[in-house]
2 protein chains.
Amino acid sequence: MTASRSTSTPTRSTASAENPFAAGCAWIEGEYVPIREARIPILDAGFVRSDLTYDVVGVWEGSFFRLPDHMARLEAGLRRIRLRSPVSRNQIHEILFELVRRSGLREAYVETVVTRGVPAPGERDPRQGDPRFYAYAIPYVWIVRPEQQEVGTQAVVARETVRIPPDAVDPRVKNFHWGDLVRGLFEAYDRGGWLPILTDGRGLIAEGPGFNVFALVDGRLMTPRAGVLEGITRKTVIELAREAGLSMSVGDLPVASLYRATEVFFTSTAGGVMPVTMLDGKPVGDGRPGPVTMNLRSRYWDLHRDPRYNLPVDYS
Amino acid sequence: MTASRSTSTPTRSTASAENPFAAGCAWIEGEYVPIREARIPILDAGFVRSDLTYDVVGVWEGSFFRLPDHMARLEAGLRRIRLRSPVSRNQIHEILFELVRRSGLREAYVETVVTRGVPAPGERDPRQGDPRFYAYAIPYVWIVRPEQQEVGTQAVVARETVRIPPDAVDPRVKNFHWGDLVRGLFEAYDRGGWLPILTDGRGLIAEGPGFNVFALVDGRLMTPRAGVLEGITRKTVIELAREAGLSMSVGDLPVASLYRATEVFFTSTAGGVMPVTMLDGKPVGDGRPGPVTMNLRSRYWDLHRDPRYNLPVDYS
């Protein structure tokens, strides 16, 4: 491994200065291209109709974390919106590993997108789509940066915007319908916070921009079941909580309960387990990341060294 | 005009066989490109967050129809989502006319899009966006083709999907959040129809994929006020109805009223006034396009020759 790293291939991982893929690598219609050159057709229904599903898997210390879970979710999403990937599961695997290998990134955010594609001129029937597959690897993304995770982030419960309801757009089909989430971000900034938590408009917590929400209420860990993305980090934390013998409820999370919580955290492939220590300008619990949160966070990262969950990239 | 058409410039309107822009022309970062080559960055927030607003204006018989109204709507949308076009209104005008001139299209569908742009690596704050402007002209698009408009189209009221509510995503800001509308299209096909009408899930009609809904109920023309795009064709039809002394209500349109309607039609820049003659498999009125609909439709197209509403393109 060390030997191969020192060889002079254009894609070697240590050649970040010369490697054109060091800032990220994309797969566009059969070609690997530097991320800043990666483009999609302006007429793709994935753009002009946001008609697509996607997934993001993390690479940590050179290994894909829970890749089969991410692929299964992508496939379930495709079935739900009656879309078929033009690229097989095996080919997707190959492409994702090659993207990371070329980038040389040891920690990466790896996105796969399947869109309805470019319709024939004037065609508006989605059944006549010609699906397209795109993928890219970029440096790992943090919704809350690690140093901020040590002290916790500041969230607000959005009042002006509700989450798009599941009977309009199914949140289990991971999608780019972020209009509500972006509005929520602006509201959070306006109110002195950094991240919004959206509700269903009927008193229940839904989710935030790119993350699921957990709260420790009366000693019980709660996270919403319906109207949210079925996050892989969320799933991992639920498993870890059950393993640890914590009382865990996957069901309704009322806004009122969130305000009574002694610990609150967010989960995402883009950042892991992220403590929330201020809510609507008031401290959560004692205003420091709580012990249940920090324990789950530490065990979440430990899992990244467990061979059952990780698939190493060959960077040679 | 005839003389200039016969000159041999690469962009002359009659040279459709050789004109690389005949199938459509796009403006991408300062360059005019053939539509099939027009691409946007895969990392544009307009794609990965659907964070944008857009507009579509029609060109008919070589003239833009109600362009200032479309521009005013685009600008209102931009303000609502706190986005600023990197291209001025005057420049937009210039670009749109040039797109149509180069394409040579006498009847065109002209789209302008302003997105939040490509963020810096790892940046998730929309305030840090670097907005982008894109535009293109393609051949005129018909949601219902003219020959089908003569007999009317077949619609269903969607039961499985509701329209994204305005407190999640503001429909007055024209957007690409079409997940609900595409689901509606699939439901319409499944139920033997061609186009869906979505409701707000609480008994009121909202809109369909790319169009507003009108119904003649007990001699009164009704169209929803809230939770819908403020269509320019909708606005034109409301004006025409009032001019004609029709009783016109812009307010709630209950689903129950739609079923009692003697005439139903859709409006869109992509097709004008489109009669609906079958609803949920049953005839509307006597099953033929009604006189009020056909009168408004004819007067809508007449307006396309009224100099007050039209700006001619110079194709020379």
Side-chain angles (χ1 to χ4, degrees), chain A residues 23-24 26 28 35-51 54 81-82 111 113 116 118 121-122 124-127 134 136 138-143 160-165 167-170 173 175-183 185-186 189 198 201 209-210 270, chain B residues 23-24 26 28 35-51 54 81-82 111 113 116 118 121-122 124-127 134 136 138-143 160-165 167-170 173 175-183 185-186 189 198 201 209-210 270:
Chain A
I28 306 283
I35 188 66
R36 292 282 145 179
E37 294 168 22
R39 291 178 165 251
I40 63 160
I42 196 168
L43 294 185
D44 194 314
F47 178 53
V48 294
R49 301 284 179 258
S50 208
D51 191 4
Y54 81 107
I81 59 168
R82 306 194 205 179
E111 183 154 322
V113 191
R116 196 85 58 186
V118 179
R124 294 173 77 88
D125 179 347
R127 296 172 304 177
Y134 307 110
Y136 59 86
I138 54 174
Y140 189 83
V141 171
W142 297 94
I143 293 179
E160 293 165 16
T161 305
V162 304
R163 184 73 182 107
I164 294 173
D167 51 359
V169 180
D170 185 346
V173 182
N175 65 75
F176 291 153
H177 288 61
W178 269 53
D180 54 343
L181 301 171
V182 171
R183 258 166 87 167
L185 276 168
F186 277 111
Y189 296 131
L198 272 67
Chain B
I28 306 283
I35 188 67
R36 291 284 143 178
E37 293 168 21
R39 293 180 165 250
I40 63 160
I42 197 168
L43 294 185
D44 194 313
F47 179 55
V48 294
R49 302 281 179 259
S50 208
D51 192 3
Y54 81 107
I81 60 168
R82 307 193 204 180
E111 183 154 321
V113 191
R116 197 84 59 188
V118 179
R124 295 173 76 89
D125 179 346
R127 296 172 304 176
Y134 307 110
Y136 60 86
I138 54 173
Y140 190 84
V141 170
W142 298 93
I143 292 179
E160 293 164 17
T161 304
V162 304
R163 185 73 182 109
I164 294 172
D167 52 357
V169 179
D170 185 346
V173 182
N175 65 74
F176 290 154
H177 289 61
W178 269 53
D180 54 343
L181 301 171
V182 171
R183 257 166 88 167
L185 276 169
F186 277 111
Y189 297 131
L198 271 67

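Computation of the quantities below employed the complete heavy-atom set of this structure, encompassing side-chain atoms and omitting hydrogens, waters and symmetry-equivalent molecules. Proteins come first, then strands; the chains are lettered A, B, ... in the order of their sequence lines, and each starts at number 1.
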Asker: Contact part of Arg163(B) toward chain A, heavy-atom cut-off under 4.5 Å: side chain, backbone, both or neither?
Answerer: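 Backbone only.
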Asker: CZ/Arg183(A) to CZ/Arg82(B) distance, rounded to the nearest 0.5 angstrom?
Answerer: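 Result: 10.5 Å between the selected atoms.
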Asker: Taking Ile40(B), Ile42(B), Ile28(B) one by one, which has the highest count of heavy-atom pairs under 4.5 Å against chain A?
Answerer: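 The option with the most such pairs is Ile40(B).
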Asker: Pick whichever of Pro126(A), Gly122(A), Ala270(A) has the most heavy-atom pairs under 4.5 Å with chain B.
Answerer: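 Among the listed options, the one with the most contacts to chain B is Pro126(A).
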Asker: Check the pair Trp178(B), Val48(A) against side-chain contact (heavy atoms from CB on, under 4.5 Å), reporting the backbone distance first and the verdict last.
Answerer: CA-CA 8 Å; Trp178(B) 269 53; Val48(A) 294; over 6 Å; no
Asker: Give the member of Ile143(B), Asn175(B), Leu181(B) that has the highest number of heavy-atom pairs under 4.5 Å with chain A.
Answerer: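 Option with the greatest count: Ile143(B).
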Asker: What part of Pro121(A) gets closer than 4.5 Å to chain B, counting heavy atoms only: side chain, backbone, both or neither?
Answerer: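 Backbone plus side chain of Pro121(A), per the 4.5 Å heavy-atom cut-off to chain B.
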Asker: To the nearest 0.5 Å, what is the distance between CZ on Arg49(B) and CG on Leu185(A)?
Answerer: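 So the gap between those two atoms works out to 9.0 Å.
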Asker: Under 4.5 Å from any heavy atom of chain B, what part of Val113(A) do you find: side chain, backbone, both or neither?
Answerer: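 For Val113(A), the side chain is the part near chain B, not the backbone.
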Asker: Counting only heavy atoms closer than 4.5 Å, note whether Asp44(A) contacts chain B via side chain, backbone, both or neither.
Answerer: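 No part of Asp44(A) comes within 4.5 Å of chain B.
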Asker: Measure from NZ or CZ of Arg127(A) to the centre of the six-membered ring of Tyr189(B) and say whether it is under 6.0 Å with the direction within 45° of the ring axis.
Answerer: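 Pair Arg127(A)/Tyr189(B) counts as cation-pi.
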Asker: Below 4.5 Å, heavy-atom pairs only: which of Val173(B), Leu198(B), Ile35(B) has the largest tally toward chain A?
Answerer: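 When all of Val173(B), Leu198(B), Ile35(B) are compared, Ile35(B) has the most.
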Asker: Is it the case that the side chain of His177(A) and the backbone of Gly179(B) share a donor-acceptor pair, with hydrogens and angles ignored and the cut-off at 3.5 Å?
Answerer: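 Side chain of His177(A) to backbone of Gly179(B), a donor-acceptor pair under 3.5 Å: yes, one is there.
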Asker: State the CG-OG1 distance between Asp167(A) and Thr161(B), to the nearest 0.5 angstrom.
Answerer: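 The distance works out to 8.0 Å.
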Asker: Ignoring hydrogens, what is the shortest heavy-atom contact between Phe47(A) and Phe176(B)? Give both atom names and the distance.
Answerer: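 The answer is O-CD1, 3.2 Å.
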Asker: Need one label for Glu37(B): side chain, backbone, both or neither, based on atoms under 4.5 Å from any heavy atom in chain A.
Answerer: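 No part of Glu37(B) comes within 4.5 Å of chain A.
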Asker: Who among Tyr54(A), Tyr140(A), Phe186(A) has the most heavy-atom pairs with chain B under 4.5 Å?
Answerer: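 When all of Tyr54(A), Tyr140(A), Phe186(A) are compared, Phe186(A) has the most.
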Asker: Chain A: which of Val162(B), Asp180(B), Val141(B) shares the most heavy-atom pairs with it under 4.5 Å?
Answerer: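 Result: the option with the highest number of such pairs is Val162(B).
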Asker: Please name the pair of heavy atoms, one in Pro209(B) and one in Arg124(A), separated by the smallest distance, quoted to 0.1 Å.
Answerer: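 That closest heavy-atom pairing would be O-NH2, 3.7 Å.
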Asker: With a 4.5 Å cut-off on heavy-atom pairs, point out which of Asp125(B), Ile81(B), Asp51(B), Ile138(B) contacts chain A the most.
Answerer: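 It is Asp125(B).
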